[in-house]
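All of these numbers come straight from a predicted model, not from anything done at the bench.
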There are 2 protein chains.
Amino acid sequence: MKNDNAPRVQDIARMANVSTATVSRALSRPDLVSEATRDAVLKAVAEAGYTVNVAARNLRRQRTGSVLALVPNLANPFFSKIIAGINSVLRTRGLTLLVADTEGGPEVHAQMATLAHRSRADGLIVLDGCLPAGILDHPACPPVVQACEWIDGLPGPRVMADNRDGGVLAARHLIDLGHRRIAQLTGPANNPLTIERSRGVREVLAEAGIEGRTDWILEGAFSLSSGQQAAREILAMADRPDAVLCHNDEMACGLMGELQRTGLDVPRDMSVIGFDNIDMAAHVTPGLTTVEQHRTALGVCAAEVLLDLLDGASPPPVTVLPVGLLVRGSTLAR
Amino acid sequence: MKNDNAPRVQDIARMANVSTATVSRALSRPDLVSEATRDAVLKAVAEAGYTVNVAARNLRRQRTGSVLALVPNLANPFFSKIIAGINSVLRTRGLTLLVADTEGGPEVHAQMATLAHRSRADGLIVLDGCLPAGILDHPACPPVVQACEWIDGLPGPRVMADNRDGGVLAARHLIDLGHRRIAQLTGPANNPLTIERSRGVREVLAEAGIEGRTDWILEGAFSLSSGQQAAREILAMADRPDAVLCHNDEMACGLMGELQRTGLDVPRDMSVIGFDNIDMAAHVTPGLTTVEQHRTALGVCAAEVLLDLLDGASPPPVTVLPVGLLVRGSTLAR
DNA sequence: CCGCGAAATGTAATCGGTTGCATAAAGCGT
DNA sequence: ACGCTTTATGCAACCGATTACATTTCGCGG
């Protein structure tokens, strides 16, 4: 063994008096070698503290045994459960999940381009709708599944919640409670989730004969602080809505907290409804009424679609998962 | 170019009428080749859509250009900011951060063992105190920095907040407010963070001549729901405390929410203090008084220590970052 | 005791870049 | 014009494991 380095197959082969081929087989296909040989190899491995060089194996095998998830913002609790779902499925197949945060500008995208390569991962699950399509439909890029968000013009299967229907459920709930003065706190205007959710809301409002007041549509950033900011804007309005439909729970919580801090009572003075059903939603006071999407299931589904893809099967191009309304205390009949 | 495959250096070399060595240099050390050659190579690269095979490069170079963070639970918002801090530093050095979730039993640890290999990452930042030391002091394992939590018996630098002092600050704050009936909601009993924090609390209580009531020390799991659970236990007590010192903000929020739902007023009926200052803490009602630790700074620091290690420098074996008390509305003078 | 298929093992090519060393070409000072 | 330093490029070994193919060994029926 070269002095400064970790042991290699060669070293193990010498120690066990076999060829490198046999060592390799003893480790990855134990059924192919005799018991005596296997024991000798394993003994040498243990003794030398050998572990395979993954780069060499990946190079030769032309696959990596791992899947990469590209997440727009790891700090967003929304994603964590999806990741957990993905992980649970991949583990059953012996695949390792790695996660990279895609936050940042073009210079980060360049980094992502080197990540999105067959020699890095066997498959990609992309949760970020803002990546340039170019790096993902490159021939060197492994199979891609898009989850939650999606990238226009990028082929390949998608898995997502029924965002439009979520908008419908939320809006209808408020209307059923007698609200007609409904504000919206959306995500970034160009975000596909927000576009879909808005569509559902708009449909229901129109159906109910409620005029869409554009001054009651606020644009947020899916963050607690943008919810807080929105609350301030609403409080400053001469003509206030009496319900706010938020496009995610974080904004709803931020908004609700700020309303309360200013002395308003939620839901008596204002109903608030969120979207996603993150853990926090059940624990704030009052409990946040929200549109539940099963994030773990979404991750599971995305992973299964990816596995299909890797197996050469043809998964459905689009999978839409149902959402449901979860009524807690933050909404009240007018 | 072989038909089914991505182009290789060979192909680019042929297209640009140079050797593979020149192609490689044109891409990674552009200053070493003439402008004409460089242009020819880049043109061929663009035309063929070439991207390097990372496995091959890593194998030859004996490094990967990436750092791996092992996180016990990605779903915990506590970690996300640390990750962000790490990322910001690594980017400036052209390193890519990958994250893996270490959640799970021994079978997952086996997976982690193959991740913790020089051929996978140039360095490791371990945020999980529960990994077996064996896989991290293996000779094939790249340099390791432990952050937040740490593993007994594992050498290598550590970066952490001053948890003991955090316990001191929190306890002293409650005592200064006149509380003497102080309960604690800790993390898992064997968790090093909890051990340190408890130590600080114990010191202050002893100093103030307050007996430590073990029936007022509840063990949680750092989660919202374990905070909720603890609230129920406290409410069921015949002899209730009038302040609860929680070992993290999530539990504090879970606890506070449940107390409020049962009709108690925080902070009038009970003061609640947390630890960490996660985003949510500022947005719940009332705002959560907490011990602030600068998670981004912690990540930054851990990354810098790792870079030192990679550069062959000898960073300090232990870095302790100061914490501070952040008083909001959830604590009140008795 | 021969022959043949199965089981076990070895040999060596291969994955795809990178880089030390050698060589060639160009610049330069005197 | 000559040696000498730079600069530019090519050649080929190398990183470490895997695996197709070849070879040996073994068991066993005839």
Hey, does [X] reach any base, or is it just sugar-phosphate, or nothing, if we go heavy atoms under 4.0 Å?
| X | result |
| --- | --- |
| A/V23 | nothing |
| A/S34 | sugar-phosphate |
| B/V33 | sugar-phosphate |

Are OP1 or OP2 of C/dG17 and a side-chain N or O of B/Y50 less than 4.0 angstrom apart? yes

On DNA chain D, more 5' by nearest nucleotide between B/D31 and B/A56 is B/D31

[X], nearest nucleotide to its side chain (from [options]):
| X | options | value |
| --- | --- | --- |
| B/R61 | D/dG16, C/dT19, D/dC21 | C/dT19 |
| A/R60 | D/dC15, C/dC15, C/dG20 | C/dC15 |
| B/T37 | D/dG10, D/dC15, D/dA8 | D/dA8 |
| A/T22 | C/dT9, D/dG16, C/dT11 | C/dT9 |
| A/V52 | D/dG16, C/dA8, D/dA17 | D/dA17 |

Give a yes-or-no answer on whether the side chains of A/D128 and A/T102 include a donor-acceptor pair shorter than 3.5 Å. yes

What is the separation between atom CZ on A/R25 and atom P on D/dG16, rounded to the nearest whole Å? 21 Å

Between B/D311 and B/R93, does at least one N-O distance fall below 4.0 Å, as a salt bridge requires? yes

Check whether any side-chain N or O of B/D11 sits under 3.5 Å from a backbone N or O of B/R8 as a donor-acceptor pair, and report yes or no. yes

Exactly one of A/L42, A/V41, A/L27 clears side chain to side chain contact (heavy atoms under 4.5 Å, CB included) with A/Y50, and that residue is A/L27

